[in-house]
Every structure is written in structure tokens, then in C-alpha cells.
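Counting starts at 1 for both ligands and their atoms, following the listed order.
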Amino acid sequence: MAIYSEEVADYIWRNGDIIPWGDALIHVNSVGHASVAGVFEGIKAYWNDDEQQLYLFRMREHMQRFLQSIRMVRFSFPYSEDDLCSAVIDLIRANTYRCGVYVRPYIFQKGMVRELLQAVPGKETELVIDSWPFDAYQDPDSMLHVGISSWVRISDHIMPPRLKAFSNYQNGRLAAMEAHVNGYDWPILLDDAGKVSEGPGACLLLVRNNTVIAPPVTGGILESVTRDTVKVLVETELDIPFIERIVDRTELYLADEVFFVGTGWEIKPVASVDRLPVSDGKPGKITTAVQKLYRSVAEGRKERYMHWLSPVYSTRS
Ligand SMILES: Cc1ncc(COP(=O)(O)O)c(C=O)c1O
């Protein structure tokens with residue numbers, strides 16, 4: 001399933017400058033180092049055709065998480081949250097997007113492959129912000145058939161999932177590959193205690209008895225902005241309880257609804273787990289309601305949540 005378009009931007013932001021995308025090169029010998037030591041974010045902007053406006057969705061929260069990741073890897077970093085947000089807006093304007101956009105800030109320590117373990121303070125870093133047109137797939141009828149992976153989710157004492165580092169994603173890649181080979185669309189990983197954790201690029205929620213249940217932030221998950229958004233929407237707009245607690249694998253077999261939540265996936269309903277249909281295998285009532293709400297909030301169609309949006313092209317009065 002293609003989520004991302006193959007298009008590249010005209011411009012990319014690198015160390016304070018907006019430069020032509022094709023000019024942002026590093027030496028091949030830096031590639032391994034850059035990817036192992038890199039931390040990143042994923043932010044989405046939504047095009048509102050009625051207002052001819054592009055809205056960055058919860059950019060500040062993503063930049064706060066980016067700064068937290070940078071703190072955990074102990075990189076020195078000269079940019080503030082405000083600097084980062086302004087850089088993204090400048091970059092998007094330079095690219096003159098009039099469509100949905102995915103924004104990817106990332107930072108890595110400079111160095112050669114032979115220096116892979118030279119994790120010492122004070123080494124030079126590169127900060128890059130890339131972006132690309134994002135094909136928002138929002139076919140409410142498309143659902144995922146998922147399987148529980150035999151790969152175990154990384155944990156805080158091994159490779160902290162709370163840290164959004166490129167190297168953490170090998171764990172999710174192994175699980176996604178296994179799911180593919182076994183005929184599933186996507187995997188769910190269990191944590192090292194055998195409890196439900198998340199998917200490779202999205203958190204997992206389930207519904208039982210009209211309550212939305214989320215595996216806890218200590219359960220091997222990334223502290224997800226979308227998960228927080230869904231919590232607010234479920235409690236405020238749907239008036240349904242949202243609780244955080246440890247989830248057993250077999251609860252997924254009995255759940256009324258199961259869905260992934262994440263910036264890229266948005267709200268993605270699960271049709272079956274380990275080939276057992278979730279309820280009747282159709283998108284559930286709560287999942288569908290959250291999907292609709294999420295879209296309208298992200299596109300700037302709900303006044304109450306405008307504080308979550310950063311307009312790119314002009315300021316609302
Ligand atoms: C491993 C992982 N979990 C969860 C998420 C969802 O996080 P968010 O809602 O902040 O995009 C992502 C996406 O970034 C992810 O990569």
C-alpha cells in the first residue's frame with residue numbers, strides 16, 4: 001500500500017539555509033553514521049481548499065518531542081522550538097505547496113562509518129528539514145489485516161522507543177517484513193513482557209464496552225501526538241472514556257474495534273488480528289467517528305481546535 005508519494009520538493013532546509021533539494025549531499029562514507037545516530041520527527045500539513053490554506057497539524061508538539069529526542073541522545077543543539085517551527089514554515093512557503101505535505105526534520109552527528117561508536121559530546125551535527133507532497137489516503141473502507149509479530153518491541157533498557165531514532169526502526173522493519181511474508185498487511189508488536197505494544201509506525205488503540213483503551217507509555221511505544229489527539233477527541237467530542245492500561249494479546253481477539261493512530265496512518269481501522277475478524281470485520285462506530293473528527297480538526301474545520309494548527313500562508317484574524 002503506497003502511503004508516500006515519490007515526489008521530491010524543490011527546496012530543502014539544511015543547517016539554516018533553504019537550498020535546492022538536489023544540492024543537499026553528504027559523502028557516502030557518512031551515510032551509515034548519519035542513519036545510526038540520527039533522530040527525527042514526522043509532521044503533517046493539511047490543505048484546506050475552501051480557505052486556500054495549508055495547516056501544519058500540532059507542529060509544536062512534534063518539535064517538543066524532537067527536542068526531547070535530541071536531549072536523550074545528548075546532541076548539542078542551537079535551535080529553539082520557535083526556530084524550528086519558523087524554519088518549517090519558511091521551507092513550506094519556499095516550496096509553494098498547495099496540497100497535503102509531510103515534513104521530516106532530522107538531525108545526525110557528522111562522522112565516517114569507522115567512527116560509528118564515537119558517541120562523544122561536542123561533535124558537529126547536521127540539521128535537515130525535508131518535505132514532500134503527501135497523498136492522504138482516507139478511504140474509510142480500507143482496513144488492515146494484522147498479525148502479532150514474533151519480533152518483540154524494543155524496550156526502554158535496550159533501545160528506548162520514546163526516542164524517535166532512525167535505528168529504532170529496524171525493529172519495526174523486521175516485523176513489517178515478517179507480516180508481509182506471512183500474508184498480513186501490518187504487524188502488531190508485543191513488548192518484552194508479552195503485552196500489546198504498537199505497530200511499526202503507529203500506536204494501537206482498542207475499544208471494549210464503549211471504552212477506548214490504549215497500551216501505556218511504558219509499554220514500548222512512542223509517545224504519540226495522534227494518540228493524544230484521539231484521547232482529547234474521544235473524551236471531549238464523543239464523551240467516551242479513554243483509558244491507558246496494559247493490554248493482553250487475547251483482548252485484541254475480543255475487542256469491539258481495533259485501530260492504529262499516527263501522523264502518517266492517521267486513523268486506520270483493523271479488520272482482523274491473527275485472521276480472527278474484529279467484530280464483523282467492518283470499521284467500527286467509534287473508529288469511523290474519530291476518523292472524521294480527526295480530518296476535520298486537522299483541516300482547520302473545527303474552531304475549538306485551531307490552537308493545534310499553524311497556518312502556513314496567512315494568519316487567521
Ligand atoms: C513507532 C511509532 N509509534 C507511534 C507513532 C505515532 O506517533 P505520532 O502520532 O506522533 O505520529 C509513530 C509515528 O511517528 C511511530 O513511528
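Given atom 9 (O) of ligand 1, the protein heavy atom at minimum distance is Thr226 OG1, 2.4 Å. Of all protein heavy atoms, the one lying nearest to atom 11 (O) of ligand 1 is Thr263 OG1, 2.5 Å. Nearest protein heavy-atom contact of atom 14 (O) of ligand 1 is Lys164 NZ, 2.8 Å. The shortest contact between atom 4 (C) of ligand 1 and any protein heavy atom is with Glu198 OE1, 3.4 Å.
Every atom of ligand 1 with a heavy atom of Val225 under 4.0 Å away is listed here by number and element: 8 (P), 9 (O), 10 (O). Close approach to His62 involves these atoms of ligand 1, each under 4.0 Å from a residue heavy atom: 10 (O). If you number the atoms of ligand 1 from 1 as listed, the ones under 4.0 Å from a heavy atom of Cys203 come out as 4 (C). Distances below 4.0 Å separate heavy atoms of Arg153 from the following atoms of ligand 1: 1 (C). Taking every non-hydrogen atom of Pro200 and a distance limit under 4.0 Å, the qualifying atoms of ligand 1 come out as 1 (C), 2 (C), 16 (O). The distance from ligand 1 to the heavy atoms of Tyr169 drops below 4.0 Å at these ligand atoms: 1 (C), 2 (C), 15 (C), 16 (O).
Here Glu266 pairs with Arg295 in a salt bridge; the nearest charged N to carboxylate O distance falls below 4.0 Å.
With sequence neighbours excluded, the residues forming a ring pair (Phe, Tyr, Trp, His ring centres under 6.0 Å) with Tyr79 are Trp13, Phe77, listed by chain and number. Lys195 meets the side-chain contact (heavy atoms from CB on, under 4.5 Å) test with Asp191, Ala193, Ile246, Asp248; sequence neighbours excluded.
Residue contacts with ligand 1 include Gly201, since one or more of its heavy atoms lies under 4.0 Å from the ligand. By the 4.0 Å heavy-atom criterion, Glu61 is excluded from the residues contacting ligand 1. Residue Arg65 places a heavy atom less than 4.0 Å from ligand 1.
The residue Glu266 has no part lying near ligand 1, judged by heavy-atom distances below 4.0 Å. Looking at Glu223 against ligand 1, nothing comes within 4.0 Å, counting heavy atoms.
Test Leu293, Val290, Leu205 against Val234 for side chain to side chain contact (heavy atoms under 4.5 Å, CB included) and you get one pass: Val290. Among the candidates Tyr169, Tyr106, Phe66, the single residue satisfying the ring-ring contact (aromatic ring centres under 6.0 Å, His included) test with Phe40 is Tyr169.
The neighbour count for Arg98 CZ, taken as heavy atoms of other residues, nucleotides or ligands under 6.0 Å away, is above 12. Residue Arg74 places its CZ atom among 12 or fewer non-hydrogen atoms of other residues, nucleotides or ligands, all under 6.0 Å distant. Counting non-hydrogen atoms of other residues, nucleotides and ligands closer than 6.0 Å to CH2 of Trp151 gives a total of 12 or fewer.
Residue Ile129 holds its CD1 atom at 9.0 Å from CD1 of Ile12, rounded to the nearest 0.5 Å.
Residue Arg227 has no N or O atom closer than 3.5 Å to an N or O atom of ligand 1.
Here the shortest heavy-atom pairing between Asn171 and Val152 reads ND2-O, 2.9 Å.
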